[in-house]
Structures are given as C-alpha cells and as structure tokens.
Amino acid sequence: MNLRALRWTDIDRLVELEQAAFGAHAWTAPTWWAELAARPRRAYVVVESEPERVVGYAGLDHGGGVADVMTIAVDPAAQGSGVGRVLLDELVHRAGSQGAEALLLEVRADNDRARALYERNGFEVISVRRRYYQPEGVDAVIMRRHLAEGEATRGC
Ligand SMILES: CC(C)(COP(=O)(O)OP(=O)(O)OC[C@H]1O[C@@H](n2cnc3c(N)ncnc32)[C@H](O)[C@@H]1OP(=O)(O)O)[C@@H](O)C(=O)NCCC(=O)NCCS
C-alpha cells in the first residue's frame, strides 16, 4: 500500500469509487475539482495498491482549532483489509500537525462499518441530527476525537 496526496489525475477514479461507496449521494467531478481548488485548507490523500491503482481516499478540512473529516471511502473489493484505518490515522496525524485540538466527523446512523472504524479509533458520539439524510430519513451522528499532544506535534 502506498499513501500519497491526491492529484487531479485521480479524479476519474475517485468519481468511480464515489459511486460505489455513496450511490445517489456521490460527489461528481466538479465537486472534486472544487475540493482540490480549496487546498491547502482542504487536504486529501489516497491509498494505492499494486500496480498504482487507487483503492481508497480521505479528506480533511482544517481551518482552526477543530478539523473535520470531509470524506473517507475504500473500494468495496479492498474493504476489511485495513485501508480505512490507514486513511483515518493519516487524517488524525495531519489534523494534529496543523494544530487542531479535535477532529469531527458526521456519519449515517445506519453505517455500522464506518461507525465501528471510528469507535475503535477513539471517536465518541457528541450529538445526533434527527432524520438528516433524506429522502431516507436516517439520522446523522456527529463524532469527535480529541487529539493528544503527541499527535499535535508529530510531523507528517
Ligand atoms: C467505512 C470504510 C471506509 C472502512 O474501510 P475499510 O478499509 O473496510 O476498514 P478497515 O479494513 O481499515 O477496518 C477498520 C475497522 O472497520 C470495521 N470493519 C472493516 N471491515 C468490516 C466488515 N467487513 N464488517 C464489519 N466491520 C468491518 C472494523 O471495526 C475494523 O476494525 P478492526 O481493524 O479492529 O477489525 C469502508 O467500509 C467504506 O468505504 N465504506 C463506504 C463509504 C463510507 O461509508 N464511508 C464513511 C462515510 S462516514
């Protein structure tokens, strides 16, 4: 596995992975271009498998004392093999190195796999937005992880 920064040449592949991961809620190419244009406040990383195929990606918004996870997804064929954890660890370290004291994220209440990943990596539920995801009417769960001093000073 190789972890590196997102490049514009990855966008076609990301659109494909988004469809597989989020269906009707998937980001399209214009959204990805806008996210790239929002660097350095936004930071996206990808994981490649052999031979140089993107199998996962994740992104961060870090504008101050609190950073937000923008997205995280792994190719269905590569899920369950630790890629999600590698990506989440990278976001935690990047947020800390930018001086954030906490990392926030929002997840669908019915996304058991993602919630398990977050809970095992130190995130706790801080609030719930009822029926936030429409038209399904699924709650959004807001989770937070405090960033330790060691993470805040570790370089990337
Ligand atoms: C959520 C997601 C990113 C996890 O990625 P992943 O590469 O499968 O995760 P990992 O292999 O690193 O596993 C990390 C944890 O996730 C959970 N997990 C992984 N595969 C699982 C499975 N098949 N069943 C249940 N839980 C699973 C486990 O808790 C695991 O912890 P462990 O390492 O202690 O076993 C991935 O499932 C995904 O892309 N889902 C679709 C997009 C999405 O929902 N993104 C999150 C939006 S908030």
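Just the heavy atoms: all of them, side chains too, but no hydrogens, waters or symmetry mates, feed the values below. The residues of the chain are indexed from 1 along the displayed sequence. Each ligand, and each atom within it, is numbered from 1 in the order the structure gives.
- Each of A21, F22, I72, A73, V74, Q79, G80, S81, G82, V83, G84, R85, E106, V107, N111, R113, A114, A116, L117, Y118, R120 has a non-hydrogen atom positioned under 4.0 Å from some atom of ligand 1.
- Among residue pairs with one or both ends in residues 19-34, those qualifying as side chain to side chain donor-acceptor pair (under 3.5 Å) are H25-E136; sequence neighbours excluded.
- Here D139 does not pair with R129 in a salt bridge; the nearest charged N to carboxylate O distance is not below 4.0 Å.
- A salt bridge links R4 with D10: the distance from a Lys NZ or Arg NE/NH1/NH2 to an Asp or Glu carboxylate oxygen falls below 4.0 Å.
- Side chains of L3 and V46 form no contact here, defined as non-hydrogen atoms less than 4.5 Å apart.
- The side-chain heavy atoms of L14 and E35, taken from C-beta on, include no pair separated by under 4.5 Å.
- In this structure, R115 does not pair ionically with D110, as no charged nitrogen and carboxylate oxygen lie closer than 4.0 Å.
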